[in-house]
Structure formats: C-alpha cells, structure tokens
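Values reported hereafter were calculated over all heavy atoms of this structure, with side chains retained and with hydrogens, waters and symmetry mates removed. This one's a predicted model, so the numbers in the text were calculated from it and none came from an experiment.
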Amino acid sequence: MSDSELICLAVALALLGFASEARWLRFAHDNLTSMFPYLPKRPGYNKRLRAALPLVKKAIRLLATDTDFWFDNHWIVDSTPVPCGMSRPTVKRSNLAGWAGYCASHSRFYWGLRLFLVCTPTGMPITWALANPKIDERDVMAAMLDREPELAADRAGLLLIADKGFASKEFEADLAFQGVELLRHAVHAGEAPQGRVAAEVGAAADRVGQRHVEGPARSRTARRPDLRGRRRPRCPAHPRDGHGHLAQPQDRRSGPAIADRFRSLTTVLPAVEAPG
C-alpha cells in the first residue's frame, strides 16, 4: 500500500463517520477491494498511520484551506486542562514525565498538559498546541505564531479575541508588529479599549437604550436592592387582622363556623307499627 492510499483511507474514515478503525477496515475489505488491492490488518494499518503522521497533518491542512471559513480574520484563543495522571506512581512512570506538570486550574488540581486552541467563530480550528500548564499563556501563543508566521500574514486586519490572561503590553506590541489586534476582557474596571476596538465598542454603547427609531426608549423597572449579606425580614408568625388561618375563598371566611356545617351522624330509622 502506497502512502497516498493510506492517507486516502484515513481521510475517508473521518469523512464517512466511522468511529472504530476495526469496523472501518472490515467495511473496506468488504466493499473497497477494487479501489485498494492490498488492505493491511489493523496492527499494520495502525503502524503505517502513526509513521505517516506528517502526511496526515498536511492532508488535514489542505482540507481546511479548501473552505471559506479558513480565511476568517477573527480568531478566538483559549486553553483547557488535559489531565494525564491522577496518582503518584502514574506520574513517575509516565512517558510525559518532564514535559507535563502540576497545575491548579479554576476547578481542580491536576497533573498533565494544557491544550491551546485557536479557531474561528464558526469553529474552524486554525492551530493548536499542547504545553506545560506552568508556561505562560502569552508565551505559548507567541510561539504558535512564530512557528507558522504565514497564518497571520495571509489575513489582513486580523482580530484575536482572548480572555484577560493574555493581557500584556509587551504581548500586544508583539501582536501589533505582526499585524494582529488583541481584543480581551478589561483587567481593571475603568480600563477602556483602544484603537478600532474602541470605535466598535463606542458605537455599540451609543445604541444602548434605543428601542425604536421613532421614539425614545421607555423607562425600565428599577432594580431590586441587593440583599446579599443582610438578614431579610421574616413574616409575622400570627395572622394579620381580617385574615383567617385557612386558605379559603373570600365568601366563606365570614360564613358559619366549621363545626356548624357538619351534619348529624345519627341514623334515622323508619317508624314500625306494633302488631295489633
């Protein structure tokens, strides 16, 4: 089997939605022998596919660049933890020792790596990286752009959307040198965006409160006071004047007492005449 046939099989496996390599190879043996004269078994196919990893990456990139979503000039970058071990013996004997590390994320303390993903708003992945979680996020993103500088050079007016963990004047200056503008959350409450982003945010702020072009916006309902940290007043234990204990309709509250409305349980027997 040639490398082109191997890559064709790998791409067809993904495009046709086969989640199992064993099931895909059985399907290929039953239906694709006219297209592929020699089909290896699962161990041989797996070894060949692992050895052809650079070709697989190139095929994935060619398929991605063949879509219109690839040329979007808006990128979103974020990272997520990838735990690789939960016990001390696993950490010691793992092949990731020296590359992975301990990190305290927002929700847990784990040992592993951190996945950095850059994608478009439509979900098209642009580039990704696995790094030690202790490495600064800005350094990882800068290394990703330095490894493939043509990704940013081919897109004019590129806007990178990130969280406040990427805030740094040096990092923003480095991005600006490559023609990339950073849009991130404000680190401080009074911080204002700069450049083109400031104009867009300002235009959006001018439209706040405008409901219709023919008239002003109606007044909004006042917000409820924040009662967090305070003791709310309790309802009185005794009933208020004019209200009964029972949830009865208004027409029944002033009626006769409950005991008066019970009928007598005495059994009335018919009169029987005595024999003459």
[X] and [Y]: which non-hydrogen atoms are nearest, and at how many Å?
X: Gly112; Y: Pro133; answer: O-CD, 3.2 Å
X: Ala152; Y: Trp75; answer: N-CH2, 4.2 Å
X: Pro121; Y: Ile76; answer: CA-CD1, 4.0 Å
X: Gly123; Y: Cys119; answer: C-CB, 4.4 Å

Quiz item: In terms of heavy-atom contacts, does CG of Asp146 have more than 12 from other residues, nucleotides or ligands at under 6.0 Å?
Solution: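 Enclosed.
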
Quiz item: Residues sharing Tyr110's hydrophobic cluster, by side-chain heavy-atom contacts under 4.5 Å among ILVMFWY, directly or via others?
Solution: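 Other cluster members: none.
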
Quiz item: With a cutoff of under 4.5 Å between side-chain heavy atoms, which Ile, Leu, Val, Met, Phe, Trp and Tyr residues group with Leu53?
Solution: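 Besides Leu53, the hydrophobic cluster comprises nothing; the residue is isolated.
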
I'd like a table of donor-acceptor pairs (distance under 3.5 Å, sequence neighbours excluded) in which one partner is a side-chain atom from residues 9-25, with atom names and distances.
from	atom 1	to	atom 2	distance (Å)
Ser20	OG	Ala22	N	3.4
Ser20	OG	Arg23	N	3.4
Glu21	OE1	Asn46	ND2	3.3

Quiz item: Do the side chains of Met124 and Leu63 join up, straight or via other hydrophobic residues, at under 4.5 Å, putting them in one cluster?
Solution: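 Per the 4.5 Å side-chain linkage, Met124 and Leu63 are not co-clustered.
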
Quiz item: If you group Ile, Leu, Val, Met, Phe, Trp and Tyr by side-chain heavy-atom gaps below 4.5 Å, do Trp128 and Val56 land in one group?
Solution: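 Shared cluster, no.
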
Any side-chain heavy atom of [X] sitting closer than 4.5 Å to one from [Y]?
X: Leu113; Y: Trp99; answer: yes
X: Tyr102; Y: Val91; answer: yes
X: Tyr45; Y: Leu6; answer: yes
X: Met141; Y: Leu160; answer: yes

Quiz item: Measuring from Leu62:CG to Ile7:CD1, what's the distance to the nearest 0.5 Å?
Solution: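 One gets 11.0 Å once the value is rounded to the nearest 0.5 Å.
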
Exercise. Nearest 0.5 Å please: distance from the CD1 atom of Ile60 over to the CG atom of Leu55.
Key: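 So the CD1 of Ile60 and the CG of Leu55 are separated by 11.5 Å.
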
Exercise. Take Leu182 and Phe171 through the test side chain to side chain contact (heavy atoms under 4.5 Å, CB included) and record every step on the way to the result.
Key: CA-CA 9 Å; Leu182 180 64; Phe171 179 65; 4.2 Å; yes

Quiz item: Which side chain to side chain donor-acceptor pair (under 3.5 Å) pairs, counting each pair once, include a residue from residues 148-163, with sequence neighbours left out?
Solution: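 Every side chain to side chain donor-acceptor pair (under 3.5 Å) pair that includes a residue of residues 148-163, provided the two are not neighbours, is Arg61-Glu148.
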
Under 3.5 Å, sequence neighbours excluded: what are the donor-acceptor pairs made by side chains of residues 29-43?
from	atom 1	to	atom 2	distance (Å)
Asn31	ND2	Phe27	O	2.9

Self-check item: Glu172/Arg184 salt bridge by N-O under 4.0 Å criterion
Solution: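 A salt bridge links Arg184 with Glu172.
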
Indicate every side-chain donor-acceptor pair of residues 78-86 with a distance under 3.5 Å to a residue at least two apart or in another chain.
from	atom 1	to	atom 2	distance (Å)
Ser79	OG	Arg114	NE	2.9
Ser79	OG	Glu137	OE2	3.1

